[in-house]
Amino acid sequence: MSQPTQTYKRSLAGSVGAGLSSVFNAGGRTYYILEHKVSSQYHRAGEAQEIIVDQIEIGRDPKCQVQFDENFKTVSRRHAAIVRDGDNWKLVQLSKTNQTFLNGHPVANEWYLQNGDEIQLSVNGPKLGFIVPTGNKSKTGSIALSRRLSLFRQQALKPYKTAMAVMATLIVLLIAGGITFGVMDHKQDVATAALHQSQIDAANEQLQAAIAASEQQQEQIKKMQKDYANLQKKLKDIDSPSATNANKRVSGSNTTNKTIAACEPSVYFVLMRKIVLTYEGQTKTFENVGAGTGFLLNDGRFITARHVVEPWMYPTNENDEVNLLCNAIAHNGGKVVCHLEAYSPTGKKLTFQSTNARINRSSDNSQVIDGVRFVTASLDASDYAYFRTNETGGLPYDNALSRRLPVQAKLTVLGYPMGIGANSPTDIHPIYSEAVVAREGLQNGLILTTATTFEHGNSGGPVFATTTDGELIVVGIVSAGAGRSTGFVVPIASIQ
């Protein structure tokens with residue numbers, strides 16, 4: 001049986017795009033049911049599987065929306081597909097080695113399906129019944145919204161969620177809330193190091209040639225060195241907005257319990273109370289989706305990490321289905337809003353919405369695939385978010401110091417690792433952690449730390465340096481960690 005139409009090609013539009021429409025525009029969408037006639041690892045005999053997307057694949061491949069286990073040897077990895085064609089559905093032969101049968105007849109290329117048809121994957125292979133609901137049950141709107149969302153994750157995201165997660169983590173980082181650092185290939189490290197060394201050697205040769213060129217050039221170089229030294233001095237003398245606390249030398253470790261206690265009232269437990277998705281007039285809410293830390297500065301700004309405020313911009317892996325779904329909706333005509341509550345040890349409660357946050361989106365990555373747009377954030381010095389408040393008090397901070405912390409300077413971290421310290425809205429006490437500056441200045445715009453002890457839940461919390469007079473002063477925001485001891489801190493000077 002053969003009735004060729006448009007050549008089948010798996011696409012995001014046919015899966016994610018169609019799935020979004022089925023979830024949020026269900027009144028105008030039809031669906032069908034596949035009735036499993038044999039039991040497998042993934043489906044039982046008699047199970048009715050609703051299909052709400054425009055294209056699915058059937059086979060043993062894990063990316064297939066209708067999957068059979070390895071016991072079905074005559075089922076190919078990608079055996080067949082069912083694809084919407086206008087108001088109709090067609091069965092497409094994909095396997096080059098195992099035949100697909102429709103009502104007992106082999107399908108050479110593709111053929112249109114009718115209600116009640118029987119699909120068989122290879123001779124003596126498993127059978128599926130094709131059922132098109134009629135009447136009031138013909139639309140996806142007859143399926144409960146929660147069920148449609150579950151079907152969306154199973155059918156629309158399944159073929160692509162790995163690719164989307166990889167796109168979201170081009171440089172795989174560990175958010176201090178769960179992402180795992182990838183280990184860079186050793187050969188790549190060596191090649192990169194060699195490239196950097198060659199660049200250094202070339203620059204050194206140019207410098208030596210300039211020095212040896214003439215006395216006049218040498219005098220110019222000396223003048224440039226003097227000007228550079230003066231510029232460095234001026235930079236060190238620039239006051240941060242917290243003028244009375246700026247530019248104090250960093251001490252090794254003379255922090256006292258009294259000093260830490262004085263900072264605790266300004267360190268808040270941040271609860272991501274709910275994420276609300278809106279698409280074409282319909283809404284879906286995910287409750288209590290995560291937690292982190294935030295803090296109040298003495299200029300009234302409330303600071304946290306961007307990945308606490310907009311977690312969907314940082315999908316963590318291929319199984320992070322909620323954030324992948326939110327990302328797709330947020331950038332394809334829908335709206336996603338995170339509602340946050342912040343609790344202080346003093347009992348004060350602040351409420352925020354992600355739409356009111358000041359965020360740096362300059363390094364976001366946008367990609368359109370088959371008409372579906374995805375945008376992911378970079379886990380770099382832009383991993384911050386802040387809100388303007390009328391609150392008084394708050395923590396002192398030093399912009400200039402955050403750019404030039406010395407190696408081995410001890411840093412103090414306060415926050416709520418794994419939610420510890422936030423027992424109830426009236427029992428909030430931040431937990432002490434620490435880190436040590438691993439290199440002078442910034443590494444790719446971030447403060448690099450070692451001997452890092454902050455954990456999941458510290459995200460967005462304050463990082464303090466200790467001045468020579470024992471004062472704690474904010475120099476950064478907890479962003480990410482890698483391995484067992486390496487940490488990444490956004491310098492407070494990055495906030496724009």
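The first residue in the sequence is number 1, and the count goes up from there.
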Q: Ignoring hydrogens and geometry beyond distance, is a side-chain donor-acceptor pair present between Y42 and E47 at under 3.5 Å?
A: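 No, no side-chain donor-acceptor contact under 3.5 Å.
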Q: If I take atom CZ from residue R147 and atom OG from residue S142, how far apart are they, to the nearest 0.5 angstrom?
A: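 Answer rounded to 0.5 Å: 11.5 Å.
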Q: Does the salt bridge (Lys or Arg N to Asp or Glu O under 4.0 Å) test come out yes or no for R77 and E70, once each step is laid out?
A: CA-CA 9 Å; R77 306 297 292 179; E70 297 301 320; 2.7 Å; yes
Q: Look at the side chain of T389 and the backbone N and O of F302, then say whether any donor-acceptor pair between them is shorter than 3.5 Å.
A: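 Absent.
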Q: Over all heavy atoms of both residues, which pair between A80 and L121 is shortest? Give the atoms and the distance, please.
A: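 A80 and L121 have their closest heavy atoms at CB-CD2, 4.4 Å.
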Q: Hey, does T97 have a side-chain heavy atom less than 4.5 Å from the side chain of S76?
A: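 Touching, per the 4.5 Å side-chain cut-off.
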Q: Evaluate I492 against N399 for side chain to side chain contact (heavy atoms under 4.5 Å, CB included), listing each step before the verdict.
A: CA-CA 6 Å; I492 200 71; N399 283 339; 3.5 Å; yes
Q: Is the closest side-chain heavy-atom distance between L296 and S344 below 4.5 Å?
A: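 L296 does not reach S344 side chain to side chain.
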Q: Locate the shortest heavy-atom distance separating L277 from I329; write the atom from each residue and the value.
A: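 Answer, listing the atom of L277 first, then I329: CD2-CD1, 3.2 Å.
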Q: Do other residues, nucleotides or ligands put more than 12 heavy atoms under 6.0 Å from the CG atom of N288?
A: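 Yes, the 6.0 Å shell around CG holds more than 12 heavy atoms from other groups.
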Q: Looking only at side chains, do S22 and R29 share a donor and an acceptor under 3.5 Å apart?
A: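 On atom types as modelled, these side chains qualify, holding a pair under 3.5 Å.
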Q: Supply the atom-to-atom distance H36 NE2 to Q49 CD, rounded to the nearest 0.5 angstrom.
A: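 That separation rounds to 4.0 Å.
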Q: Checking side chain to side chain contact (heavy atoms under 4.5 Å, CB included) between Y31 and each of L151, V132, I143, V53, which is the one that passes?
A: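 Of L151, V132, I143, V53, side chain to side chain contact (heavy atoms under 4.5 Å, CB included) with Y31 is met by I143 alone.
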Q: Answer yes or no: is there a side-chain heavy-atom contact under 4.5 Å between K284 and L325?
A: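 Counting from C-beta outward, K284 and L325 never come under 4.5 Å.
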Q: Begin with the C-alpha distance, continue with both residues' side-chain angles, and end with the deciding distance and a verdict on side chain to side chain contact (heavy atoms under 4.5 Å, CB included) for E57 and Y8.
A: CA-CA 11 Å; E57 292 187 0; Y8 162 73; 2.5 Å; yes
Q: Measure the CG-OH distance between N360 and Y384 for me, rounded to the nearest 0.5 Å.
A: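 It comes to 4.0 Å.
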Q: Quick check: closest heavy atoms across P430 and V267, and the distance to 0.1 Å?
A: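 That would be CB-CG1, 4.0 Å.
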Q: Taking D427 for its side chain and S424 for its backbone only, find out whether a donor-acceptor pair lies under 3.5 Å.
A: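 Looks like no, no N/O pair under 3.5 Å.
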Q: Only one of D383, D380, D364 passes salt bridge (Lys or Arg N to Asp or Glu O under 4.0 Å) with R306; say which it is.
A: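 Single salt bridge (Lys or Arg N to Asp or Glu O under 4.0 Å) partner of R306 among D383, D380, D364: D364.
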Q: For Y386 and Q496, indicate whether the former's side chain and the latter's backbone hold a donor-acceptor pair under 3.5 Å.
A: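 Yes; at least one donor-acceptor contact below 3.5 Å.
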Q: Determine, step by step, whether T293 and T304 satisfy the side chain to side chain contact (heavy atoms under 4.5 Å, CB included) criterion, reporting the C-alpha distance in whole Å, the side-chain angles of both residues, the deciding distance to 0.1 Å, and the verdict.
A: CA-CA 6 Å; T293 304; T304 188; 5.9 Å; no
Q: Any non-hydrogen side-chain atom of V375 less than 4.5 Å from a side-chain atom of N365?
A: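 No. Closest side-chain heavy atoms not under 4.5 Å.
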Q: Between the side chain of Q93 and the main-chain N/O of T100, is any donor-acceptor distance below 3.5 Å?
A: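 Yes: the side chain of Q93 pairs with the backbone of T100.
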Q: Report yes or no: does T449 contribute a side-chain atom to a donor-acceptor pair with the main-chain N or O of G487 at less than 3.5 Å?
A: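 Judged by distance alone, yes, a pair lies under 3.5 Å.
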Q: State whether a side-chain donor-acceptor pair under 3.5 Å links H79 with N98.
A: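 Not at all, the side chains of H79 and N98 share no donor-acceptor pair under 3.5 Å.
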Q: Evaluate the side chain to side chain contact (heavy atoms under 4.5 Å, CB included) criterion for residues Y32 and I82: first the C-alpha distance (whole Å), next the side-chain angles of each, then the deciding distance (0.1 Å), finally the verdict.
A: CA-CA 10 Å; Y32 62 90; I82 298 177; 3.2 Å; yes
Q: Between E434 and Y432, do the side chains contain a donor N or O and an acceptor N or O under 3.5 Å apart?
A: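 There is such a pair between these side chains.
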Q: Is there side-chain contact between N458 and P417, with heavy atoms separated by less than 4.5 Å?
A: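 Side-chain contact under 4.5 Å: yes.
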Q: Test M313 against every option in L379, V336, N327, T376 by the side chain to side chain contact (heavy atoms under 4.5 Å, CB included) rule and name the one that passes.
A: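 Only match with M313 under side chain to side chain contact (heavy atoms under 4.5 Å, CB included): N327.
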Q: What closest approach, in Å, do I428 and Y343 show between heavy atoms, and which atom pair accounts for it?
A: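 Shortest heavy-atom separation between I428 and Y343 comes out as CG2-O, 3.9 Å.
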Q: Looking only at side chains, do S354 and E310 share a donor and an acceptor under 3.5 Å apart?
A: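 Judged by distance alone, the side chains do not pair up.
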Q: Is there a donor-acceptor pair closer than 3.5 Å between any side-chain N or O of Q154 and the backbone N or O of Q65?
A: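 Absent.
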Q: Could you check whether any side-chain heavy atom of V92 comes within less than 4.5 Å of a side-chain heavy atom of N109, counting everything from C-beta outward?
A: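 The answer is no, as the side chains (C-beta and beyond) never meet within the 4.5 Å cut-off.
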Q: Please round to the nearest 0.5 Å and tell me the distance separating atom CD of E341 and atom NZ of K274.
A: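 It is 9.0 Å, given to the nearest 0.5 Å.
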Q: In Å and rounded to the nearest 0.5 Å, what is the CG to CD1 distance from L442 to I447?
A: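 If we round to the nearest 0.5 Å, L442:CG and I447:CD1 are 6.5 Å apart.
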Q: If only atom types and distance count, is the side chain of D69 paired as donor or acceptor with the main-chain N or O of Q41 below 3.5 Å?
A: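 Pair found, side chain donor or acceptor close to backbone of Q41.
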Q: Identify the heavy atoms of Q443 and L448 that sit nearest to each other, and give their distance.
A: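 Heavy-atom minimum between the residues: CB-CB, 4.1 Å.
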Q: CD1/I51 to CG/L34 distance, rounded to the nearest 0.5 angstrom?
A: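 The CD1 atom of I51 sits 5.0 Å away from the CG atom of L34.
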Q: On a heavy-atom basis, which atom in T452 and which in T486 lie closest, and how many Å separate them?
A: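 Taking T452 first and T486 second, the nearest heavy atoms are OG1-C, 3.8 Å.
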Q: Taking the side chain as everything from C-beta on, heavy atoms only, tell me whether M272 gets closer than 4.5 Å to C338.
A: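 They are in contact (side-chain heavy atoms under 4.5 Å apart), so the answer is yes.
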Q: Taking the side chain as everything from C-beta on, heavy atoms only, tell me whether V337 gets closer than 4.5 Å to T278.
A: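 Side-chain contact under 4.5 Å: no.
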Q: Donor-acceptor pair, Q155 side chain versus E50 backbone, under 3.5 Å?
A: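 Checked: pair present.
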